[in-house]
Amino acid sequence: MAQYTPPLRDMQFVLHELFNVVDELKAMPAHAEVDADTINAVLEEGGKFAAQVAAPLNQSGDEEGCRLDKTTHEVTTPKGFKEAYMQYVEGGWPALSCDPEFGGQGLPIVVNQCFYEMLNSANQAWTMYPGLSHGAYEALHAHGTPEQKKLYLPKLTSGQWTGTMCLTEPHCGTDLGLLRTKAEPQPDGTYKLTGNKIFISAGEHDMAENIVHLVLARLPDAPQGSKGISLFVVPKFNVTPEGKIGSRNGIYCGGLEHKMGIHGNSTAQMVLDGAVGTLVGEPHKGLQAMFVMMNAARLGVGNQSLGLTEVAYQNAVAYAKDRIQMRSLSGPKSPDKPADPIIVHADVRKMLLTARAYAEGGRAFAIWIALQIDRELSSTDEQERKDAADLVALATPIAKAFLTDNGWIATSHCMQVFGGHGYIREWGMEQFVRDARINMIYEGTNTVQSLDLLGRKVLGDNGAKLKKFGKLVRDFVEEEGTNEAMQEFINPLAELGEKVTKLTTEIGMKAFQNPDEVGAAAVDYLRVCGHLVFSYFWARMAKVALAQEASGDPFYKAKLATARFYFAKLLPETAMLIRAARSGAKSLMDVEEALF
């Protein structure tokens, strides 16, 4: 069975040495009292929960899966899942970064980010149950009526109830403008919803006493397309005005999807048969409210793959140091043994370092995004809030797509390190690969994220958001431009920044003539932007490590080695990607449909 050790030292490096989060938080009244000791203590305890409670259930949960009783429509989660969730609730973990007004602890998002990375490493399928609840909490916190907040937020904050989002229908996935679920207004101000939803993660389970579904549906007078969608809160059990459990509502699980991975999470087909719901936000403007949850989910999915990248790396490197096969090409490294450990082989090292570079680069990126969210929510400076919101908007599709693409690459590499044992279930590596693959698809495929980045977030505002990130890069390049020790990191970063600017301009001009140019370039473009982000954070991490190198701490030596590997072996991918993005749409769109 795979093992997991929380990467607390690296988290502390990113939080305290790279970003100096305590100083950042002191400028926010809501978090001014948070200190490093508090952050470290919370994450240490969170790591214990992840490693000791959630992780031991990962493989058994995958093997057992969820079971549906088609007579009662009740779902039973794998053995131990419910008990682990009870421990999670008793420990106060659901409330970590929630609003104190509703029973939350009010800690910064950056703390919650690190905690959830560890949970995802430990057990992605289990973590999806509380993870989706947090998204439902955020949507209702931002757009719910005072009555809805009073009824639902305290229970979602405590973890007594869980939440979901019900978007997809059998005939439509990302194109929500096609959805057909209907909502009929009732004399008492409620609505009765009828329709079918599919692929609803954590849609039905036995871990909490109630499930709060956020459902997209159409009112009778709704215009066609996405502008005619409204959002409703539809609980599994109706809730009395006093906030107590009432009668069973008309929403139930009609079937479970049998998936390639995340078997421990119930991916449900949900049937709405006159289910009672209340309107969230304004009529026909449901997507605006749902996007709060969708964007949180997209960042969460990126975090899922970050977690898988870390745990796959940990197990692969342990195996590579222990497994002996053949001799080093440059001569025996363990002459006292019949063969050398496979970690002496160049390509094994390349696979391991790829996973480590993507894990540590992704951790810096994810924590930086969380810090921007804290600024957006809690800064007292209006311009700082706006700038942070723009950076989060720009970063969200990159985080979702780049981190999940990297997770797929990394888990596949780590499975490869195990050779024939890699696809044997007992080692746990093949499960990481299966679990990682879904992350590139759900919450908007990575192609959708690429179109969102290039079409909406970059070209849609003439590059305004991209320029804000570009300024961070330029400022850092100028600051370190005369530092000889930093040239191996600064020069490729500066060069890539210039190339991204030129590529963006070129694609934008071509798109005026032919919109298909955006679709042809988008996926390659996002990956180039992902490397720009990673090269920026790896250069910054290298600066900190260089300053501490003389201490003799092997942590900084390893950080520098990984930074050098990233710039030497991974960043050069951008040359191919840029060339592919520039090649245009002609070779794709000129192929007649009949030739496929």
Side-chain angles (χ1 to χ4, degrees), residues 9-10 12-20 346 349-369 371 391 394-395 398 402 406 463 466-506 524-579 581-582:
R9 177 66 182 91
D10 198 55
Q12 291 166 1
F13 168 80
V14 174
L15 289 167
H16 306 308
E17 298 181 66
L18 183 63
F19 294 136
N20 298 308
R349 290 181 169 223
K350 182 180 179 182
M351 291 187 286
L352 293 173
L353 285 167
T354 296
R356 188 163 83 185
Y358 282 152
E360 294 179 9
R363 180 171 299 120
F365 182 31
I367 290 175
W368 177 82
I369 294 173
L371 183 57
L391 289 170
L394 178 75
I398 301 174
F402 195 61
N406 293 345
L466 183 62
K467 289 174 184 175
K468 288 185 178 181
F469 186 81
K471 185 178 186 304
L472 299 179
V473 174
R474 286 194 309 275
D475 289 349
F476 184 71
V477 168
E478 290 177 8
E479 177 186 326
E480 297 298 320
T482 58
N483 184 347
E484 187 64 31
M486 283 291 291
Q487 295 313 295
E488 61 180 310
F489 311 112
I490 288 296
N491 290 340
L493 171 61
E495 182 182 357
L496 182 58
E498 292 173 0
K499 288 180 177 179
V500 168
T501 299
K502 292 178 181 178
L503 180 63
T504 305
T505 302
E506 181 179 336
D524 295 325
Y525 180 85
L526 183 143
R527 192 153 183 85
V528 172
C529 289
H531 276 297
L532 176 64
V533 169
F534 269 40
S535 59
Y536 170 66
F537 288 117
W538 267 116
R540 289 187 58 181
M541 288 190 283
K543 177 187 176 182
V544 178
L546 280 168
Q548 298 295 327
E549 190 176 20
S551 69
D553 187 337
F555 175 87
Y556 300 107
K557 186 176 182 180
K559 187 67 69 176
L560 273 174
T562 310
R564 289 179 173 126
F565 167 83
Y566 172 80
F567 280 96
K569 294 291 187 180
L570 299 182
L571 188 62
E573 178 191 11
T574 55
M576 178 274 290
L577 292 167
I578 290 171
R579 186 167 183 174
R582 294 184 66 199

Give a yes or no on whether R579 atom CZ has more than 12 heavy-atom contacts from other residues, nucleotides or ligands under 6.0 Å away. no

Heavy-atom side-chain contact between L394 and F469 under 4.5 Å: yes

Any chance you could measure I490, atom CD1, to E479, atom CD, to the nearest 0.5 Å? 8.5 Å

Do L493 and V477 come close enough that some side-chain heavy atom pair is under 4.5 Å? yes

Just by modelled atom types, is the R564 backbone N or O under 3.5 Å from a matching donor or acceptor in the W538 side chain? no

Between A558 and R356, which heavy-atom pair has the shortest distance, and what is it? O-NH2, 3.6 Å

Does some side-chain heavy atom of L371 sit less than 4.5 Å from a side-chain heavy atom of I367? no

Quick one, R363 and D10 - any side-chain contact, counting heavy atoms below 4.5 Å? yes

Quick one: CZ on F19 to CZ on F13, what's the gap to the nearest 0.5 Å? 9.5 Å

Would K543 and F476 satisfy side-chain contact (heavy atoms from CB on, under 4.5 Å), going step by step from the backbone distance to the final call? CA-CA 11 Å; K543 177 187 176 182; F476 184 71; 4.0 Å; yes

Minimum side-chain heavy-atom gap K499-T574 below 4.5 Å: no

Side chains of R540 and L18, heavy atoms from C-beta outward: is any pair under 4.5 Å? yes

Any chance the side chains of Y566 and H531 put a donor and an acceptor closer than 3.5 Å? yes

Side chain proximity check, T501 to E498, heavy atoms < 4.5 angstrom: no

G481 backbone acceptor or donor facing Q487 side chain under 3.5 Å: yes

Would you give the length of the straight line joining atom CG of L571 to atom CZ of F489, rounded to the nearest 0.5 angstrom? 12.0 Å

Over all heavy atoms of both residues, which pair between A581 and L503 is shortest? Give the atoms and the distance, please. CB-CD1, 4.2 Å

Answer yes when E549 and K557 have at least one side-chain N-carboxylate O distance shorter than 4.0 Å, and no when they do not. no

Atom CG in L560, atom CG in L546: separation rounded to 0.5 Å? 4.5 Å

Going through the distances and angles, do R9 and E17 end up as a salt bridge (Lys or Arg N to Asp or Glu O under 4.0 Å)? CA-CA 11 Å; R9 177 66 182 91; E17 298 181 66; 3.3 Å; yes

I'd like to check F365 versus V14 (side-chain heavy atoms, cut-off strictly below 4.5 Å). Are they in contact? no

Taking all non-hydrogen atoms of both residues, which atom of W368 and which atom of A395 are closest, and how far apart? CZ3-CB, 4.2 Å

Measuring from atom CD of Q548 to atom CZ of F555, what distance do you get when rounded to the nearest 0.5 angstrom? 10.5 Å

